[in-house]
Amino acid sequence: RGLGDVYKRQQYARKLHEYLRQWAPKQGRARASIRVAKARASHASLPRLAQERISTMRFMLNWLFTSIAIAIATFLVPGIQPFGIADAWVCFAFVGLFLNIVDSLVKPFLTVISLPLTIITLGIFQLVVNSFMLELASYLSVNLLGVGISIASFGSAFMGSILVSITRSILDSIAED
């Protein structure tokens with residue numbers, strides 16, 4: 001983004017400033033809005049390279065959190081075990097990678113398809129969708145790479161997906177602070 005975008009933002013802020021001075025019912029609210037408009041116009045958006053670095057770091061953080069959540073679920077749920085000749089942390093890392101990929105590509109499609117059931121069950125069917133995503137990620141990692149986790153039954157996948165969701169939520173809330 002170049003100087004033209006910054007110039008356009010400054011023009012927009014000036015017009016907004018004039019409008020708020022004329023039509024705002026309370027002066028205190030108008031002054032606060034003017035300050036916000038000026039602050040938005042003065043800061044140009046982040047360069048593209050910085051945005052790419054932030055999104056890459058966010059992906060890596062999501063991958064790490066998902067891998068940690070899968071490791072916790074593996075140790076707490078009896079029917080889930082690491083599978084393959086690699087170390088357990090490699091199995092968790094690959095399943096975490098595939099779970100992130102499946103969650104971003106397949107889960108939105110399945111969520112839309114299962115929307116009537118999710119509405120009827122007041123959202124509980126979404127837990128079943130999460131279980132299928134965990135099963136699919138495990139299947140892909142084991143069959144494509146030879147390492148992953150083996151899930152004994154749907155009940156194990158169901159409990160594992162609940163634990164993964166809870167752990168991910170906790171880790172995400174910690175990372176935001």
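Position 1 is the first residue of the sequence; numbering continues from there.
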**Student:** Evaluate Val128 against Phe154 for side chain to side chain contact (heavy atoms under 4.5 Å, CB included), listing each step before the verdict.
**Tutor:** CA-CA 9 Å; Val128 174; Phe154 180 76; 3.9 Å; yes

**Student:** I would like to know whether Ser165 and Asn130 meet side chain to side chain contact (heavy atoms under 4.5 Å, CB included); could you show each step before the answer?
**Tutor:** CA-CA 8 Å; Ser165 297; Asn130 288 344; 3.8 Å; yes

**Student:** Could you check whether any side-chain N or O of Ser138 sits under 3.5 Å from a backbone N or O of Ile149, counting only pairs where one atom can act as donor and the other as acceptor?
**Tutor:**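 Yes; at least one donor-acceptor contact below 3.5 Å.
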
**Student:** Carefully, step by step, assess Phe83 and Cys91 under the rule side chain to side chain contact (heavy atoms under 4.5 Å, CB included).
**Tutor:** CA-CA 7 Å; Phe83 178 83; Cys91 298; 5.8 Å; no

**Student:** Determine whether Leu140 and Val102 make a side-chain contact, defined as any pair of heavy atoms from C-beta on separated by less than 4.5 Å.
**Tutor:**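 The answer is yes; the side chains approach within 4.5 Å.
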
**Student:** Does Phe132 belong to the same Ile/Leu/Val/Met/Phe/Trp/Tyr cluster as Leu115, with side-chain heavy atoms less than 4.5 Å apart forming each link?
**Tutor:**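 No, it is not one cluster - the side chains of Phe132 and Leu115 are not joined through contacts under 4.5 Å.
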
**Student:** Under 6.0 Å from the CG atom of Leu105, do we count more than 12 heavy atoms belonging to anything else shown?
**Tutor:**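 Count over threshold, so yes.
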
**Student:** Out of curiosity, does Val147 fall in the hydrophobic cluster containing Phe98 (side-chain heavy atoms, cut-off under 4.5 Å, transitive links)?
**Tutor:**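 The answer is yes; both residues are in one hydrophobic cluster.
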
**Student:** What are the two closest non-hydrogen atoms of Ala157 and Glu135, and how far apart are they?
**Tutor:**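 Closest approach of Ala157 to Glu135, heavy atoms only: CB-OE2, 3.4 Å.
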
**Student:** Checking side chain to side chain contact (heavy atoms under 4.5 Å, CB included) against Leu97, which of Ile101, Val95, Leu99 comes through?
**Tutor:**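 Going through Ile101, Val95, Leu99 one by one, the side chain to side chain contact (heavy atoms under 4.5 Å, CB included) with Leu97 is satisfied by Ile101 alone.
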
**Student:** Could you check whether any side-chain heavy atom of Asp172 comes within less than 4.5 Å of a side-chain heavy atom of Asn62, counting everything from C-beta outward?
**Tutor:**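 The answer is yes, as the side chains (C-beta and beyond) meet within the 4.5 Å cut-off.
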
**Student:** What's the separation between atom CD1 in Ile120 and atom OG in Ser114, rounded to the nearest 0.5 Å?
**Tutor:**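 Reported to 0.5 Å precision, the distance equals 11.0 Å.
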
**Student:** Treating Ser156 as the side-chain partner and Ala152 as the backbone partner, does any N or O pair qualify as donor plus acceptor under 3.5 Å?
**Tutor:**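 Not confirmed, Ser156 side chain does not pair with Ala152 backbone.
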
**Student:** Tell me whether the count of non-hydrogen atoms from other residues, nucleotides or ligands lying under 6.0 Å of CZ in Phe125 goes above 12.
**Tutor:**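 It does: Phe125 CZ has more than 12 such atoms within range.
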
**Student:** Determine yes or no for a side-chain-to-main-chain donor-acceptor pair under 3.5 angstrom, with Trp63 supplying the side chain and Ala93 the backbone.
**Tutor:**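 Indeed, once roles are kept as given, a pair shorter than 3.5 Å links the two residues.
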
**Student:** Testing the basics here: between Gln81 and Thr74, what is the closest heavy-atom pair and its distance to 0.1 Å?
**Tutor:**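 Shortest heavy-atom contact: CA-CG2, 4.0 Å.
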
**Student:** Answer yes if Leu171 and Met57 sit in the same cluster of Ile, Leu, Val, Met, Phe, Trp and Tyr residues linked by side chain heavy atoms under 4.5 Å apart, and no otherwise.
**Tutor:**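 No; tracing contacts between hydrophobic side chains, which count when under 4.5 Å, never links both residues.
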
**Student:** Do the ring planes of Phe75 and Phe92 sit parallel (below 30°), tilted (30 to 60°) or perpendicular (above 60°)?
**Tutor:**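 Answer is perpendicular, since the angle exceeds 60°.
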
**Student:** Would you give the length of the straight line joining atom CE of Met133 to atom CG of Asn100, rounded to the nearest 0.5 angstrom?
**Tutor:**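 Rounded to the nearest 0.5 Å, the CE-CG separation comes to 13.0 Å.
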
**Student:** Group every Ile, Leu, Val, Met, Phe, Trp and Tyr by side-chain heavy-atom contacts under 4.5 Å, then state whether Ile174 and Ile68 land in the same group.
**Tutor:**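 Yes, same cluster.
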
**Student:** In terms of hydrophobic clusters joined by side-chain contacts under 4.5 Å, are Ile72 and Phe158 together?
**Tutor:**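 Same cluster.
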
**Student:** Could you go through Ile70 and Val164, starting from their C-alpha distance and side-chain angles, then the distance that decides it, and tell me whether this counts as side chain to side chain contact (heavy atoms under 4.5 Å, CB included)?
**Tutor:** CA-CA 6 Å; Ile70 290 170; Val164 167; 4.1 Å; yes

**Student:** Which residue is it: Ile113, Leu117, Leu110? I am looking for the one with a side chain to side chain contact (heavy atoms under 4.5 Å, CB included) to Val129.
**Tutor:**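 By the side chain to side chain contact (heavy atoms under 4.5 Å, CB included) criterion, Val129 pairs with just one of Ile113, Leu117, Leu110: Leu110.
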
